[in-house]
Peer 1: 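Quick one: structure below, then a few questions.
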Amino acid sequence: NINAVIPTENPIQVTFNKAAMLKSIDKVKIAANKTSKVMNVNIADGEIELECIDLDQNKELRTTLPCHIEGEGIEIAYNHVFLSDLLKSIISPEVTLQMSSDSRAAVIQEFHRTYLIMPVMRTKPEEVEE
């Protein structure tokens, strides 16, 4: 039953410009770990902050883009390759990402198609002890 994996309760809806998001992903992905390709996504106060960190190489890049949020903000992470590929397959210039939590699949619906993208574990800088 394919419908069992598609979240139906998605109180968080984030709408953004697809071209701006793709450009922002391109800016930060060069700092992502080459194996995991993790991109942290922080959504709050009408903006999306994208951040890639490679702790092994001591690299970190961030950028922001405007968005419209319905519901609460959220901190989540995605594989930047998967998200970029998904966005490139969407025709519409504006995309709405529907989410319920940082551990459940996000949904994008366009015409008769439904896309799912699973979050990954966030990359966090190690705590510095003094």
Side-chain angles (χ1 to χ4, degrees):
N1 182 2
I2 191 140
N3 291 325
V5 299
I6 301 173
T8 55
E9 299 291 323
N10 296 305
I12 304 167
Q13 298 197 16
V14 182
T15 303
F16 54 87
N17 179 276
K18 178 182 78 169
M21 176 63 91
L22 287 168
K23 191 174 184 179
S24 295
I25 292 171
D26 283 343
K27 285 181 183 178
V28 299
K29 73 181 182 183
I30 58 174
N33 181 287
K34 301 302 180 217
T35 305
S36 66
K37 298 172 178 46
V38 173
M39 180 180 66
N40 297 327
V41 180
N42 300 314
I43 302 168
D45 301 324
E47 111 182 337
I48 301 171
E49 178 186 66
L50 304 180
E51 172 188 55
C52 286
I53 302 170
D54 186 341
L55 299 173
D56 297 332
Q57 299 294 320
N58 198 25
K59 293 188 291 187
E60 181 177 347
L61 287 173
R62 282 190 190 114
T63 191
T64 60
L65 66 144
C67 68
H68 173 74
I69 304 168
E70 291 182 26
E72 296 180 12
I74 188 169
E75 292 182 4
I76 196 163
Y78 295 107
N79 177 311
H80 69 78
V81 175
F82 295 161
L83 182 57
S84 182
D85 287 349
L86 184 152
L87 292 173
K88 288 175 185 173
S89 69
I90 292 174
I91 298 167
S92 302
E94 296 291 314
V95 175
T96 300
L97 191 60
Q98 303 171 25
M99 299 173 280
S100 60
S101 77
D102 64 354
S103 61
R104 304 255 351 242
V107 179
I108 296 174
Q109 294 179 318
E110 180 184 52
F111 306 114
H112 63 281
R113 294 177 286 198
T114 299
Y115 302 91
L116 296 179
I117 184 160
M118 288 299 298
V120 297
M121 187 177 291
R122 290 175 51 86
T123 301
K124 298 178 184 174
E126 296 173 317
E127 297 291 324
V128 178
E129 293 182 28
E130 293 184 36

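Residue numbers run from 1 in the order of the sequence given. Model, not experiment: these values are computed from the prediction. Side-chain atoms are counted along with the backbone in the values below, which use heavy atoms only and exclude waters and symmetry mates.
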Peer 1: Would a hydrophobic clustering, with Ile, Leu, Val, Met, Phe, Trp and Tyr connected at side-chain separations under 4.5 Å, put L61 with L50?
Peer 2: yes
Peer 1: Any salt bridge (Lys or Arg N to Asp or Glu O under 4.0 Å) involving residues 74-93? Give me the pairs, sequence neighbours left out, ordered by first then second residue.
Peer 2: E75-R122
Peer 1: What residue among L97, T96, T114, T8 forms side chain to side chain contact (heavy atoms under 4.5 Å, CB included) with V107?
Peer 2: T114
Peer 1: Which heavy atom in P119 sits nearest to a heavy atom in R104, and how many Å separate them?
Peer 2: CD-O, 3.3 Å
Peer 1: Atom CE in M21, atom CD1 in I48: separation rounded to 0.5 Å?
Peer 2: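 It comes to 4.0 Å.
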Peer 1: Are F82 and V95 linked, directly or through other ILVMFWY residues, by side chains that come within less than 4.5 angstrom of each other?
Peer 2: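 They do share one cluster, since a chain of ILVMFWY contacts under 4.5 Å joins F82 to V95.
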Peer 1: Considering all heavy atoms of both residues, which atom of K34 and which atom of D54 are nearest to each other, and what is their separation?
Peer 2: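 In terms of heavy atoms, the two residues are closest at N-OD2, 4.4 Å.
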Peer 1: For a quick test of reading the model, state the closest non-hydrogen atom pair linking E72 to I12 and the distance between them.
Peer 2: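 Taking every non-hydrogen atom into account, O-CG2, 3.5 Å.
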Peer 1: Heavy-atom distance under 4.5 Å between the side chains of Y115 and I90, does that happen here?
Peer 2: yes
Peer 1: Say you draw a straight line from CG of L83 to CD1 of I117; how long is it, rounded to the nearest 0.5 Å?
Peer 2: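 That separation rounds to 4.5 Å.
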Peer 1: Might you point out which heavy atoms bring A32 and C52 nearest each other, and give the distance in Å?
Peer 2: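 Closest approach of A32 to C52: N-CB, 3.6 Å.
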Peer 1: Taking side chain as C-beta onward, heavy atoms only, is I74 less than 4.5 Å from I69?
Peer 2: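 Side-chain contact under 4.5 Å: no.
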Peer 1: Counting only N and O atoms by type, is there a donor-acceptor contact under 3.5 Å from the side chain of K27 to the main-chain atoms of T63?
Peer 2: no
Peer 1: Is the shortest side-chain heavy-atom distance between H80 and V28 below 4.5 Å?
Peer 2: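 Sidechains of V28 and H80: no contact.
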Peer 1: Once rounded to the nearest 0.5 Å, what's the spacing between atom CZ of F16 and atom CG of L22?
Peer 2: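 One finds 8.5 Å between CZ of F16 and CG of L22.
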Peer 1: Flag yes if V38 and I30 sit in one hydrophobic cluster, no otherwise; membership is Ile, Leu, Val, Met, Phe, Trp, Tyr, and two members link when side-chain heavy atoms are under 4.5 Å apart.
Peer 2: no
Peer 1: Is there a side-chain contact between I25 and L87, using heavy atoms and a 4.5 Å cut-off?
Peer 2: yes
Peer 1: Transitively linked via ILVMFWY side-chain contacts under 4.5 Å: M118 with M99?
Peer 2: no
Peer 1: If you measure from CE on M121 to OG on S103, what distance do you get to the nearest 0.5 Å?
Peer 2: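 Spacing of CE (M121) from OG (S103) equals 11.0 Å.
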Peer 1: Between S89 (side chain) and L86 (backbone), is there a donor-acceptor pair under 3.5 Å?
Peer 2: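 Judged by distance alone, yes, a pair lies under 3.5 Å.
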Peer 1: Do you know the tightest heavy-atom contact between N10 and S100?
Peer 2: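 So the minimum-distance heavy-atom pair works out to OD1-N, 3.8 Å.
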Peer 1: Could I get the full list of side-chain hydrogen bond (donor to acceptor under 3.5 Å, both in side chains) partners for Q98, not counting sequence neighbours?
Peer 2: none
Peer 1: Would you compute the distance between atom CD1 of I108 and atom CZ of R113 and round it to the nearest 0.5 angstrom?
Peer 2: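 Result: 11.5 Å between the selected atoms.
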Peer 1: Any side-chain heavy-atom pair from P7 and L116 closer than 4.5 angstrom?
Peer 2: yes
Peer 1: So do N17 and E94 actually touch side chain to side chain, heavy atoms under 4.5 Å?
Peer 2: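 Answer yes - side chains close enough.
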Peer 1: For residues N40 and A77, report the shortest heavy-atom separation together with the two atoms involved.
Peer 2: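 So the two residues come closest at OD1-CB, 3.7 Å.
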Peer 1: Side chains of E60 and R62: closer than 4.5 Å at any heavy-atom pair?
Peer 2: yes
Peer 1: Please determine whether the number of non-hydrogen atoms from other residues, nucleotides or ligands lying under 6.0 Å from atom NZ of K59 exceeds 12.
Peer 2: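 Enclosed.
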Peer 1: Out of curiosity, N58 CG to I53 CD1, how far, rounded to the nearest 0.5 Å?
Peer 2: 10.5 Å
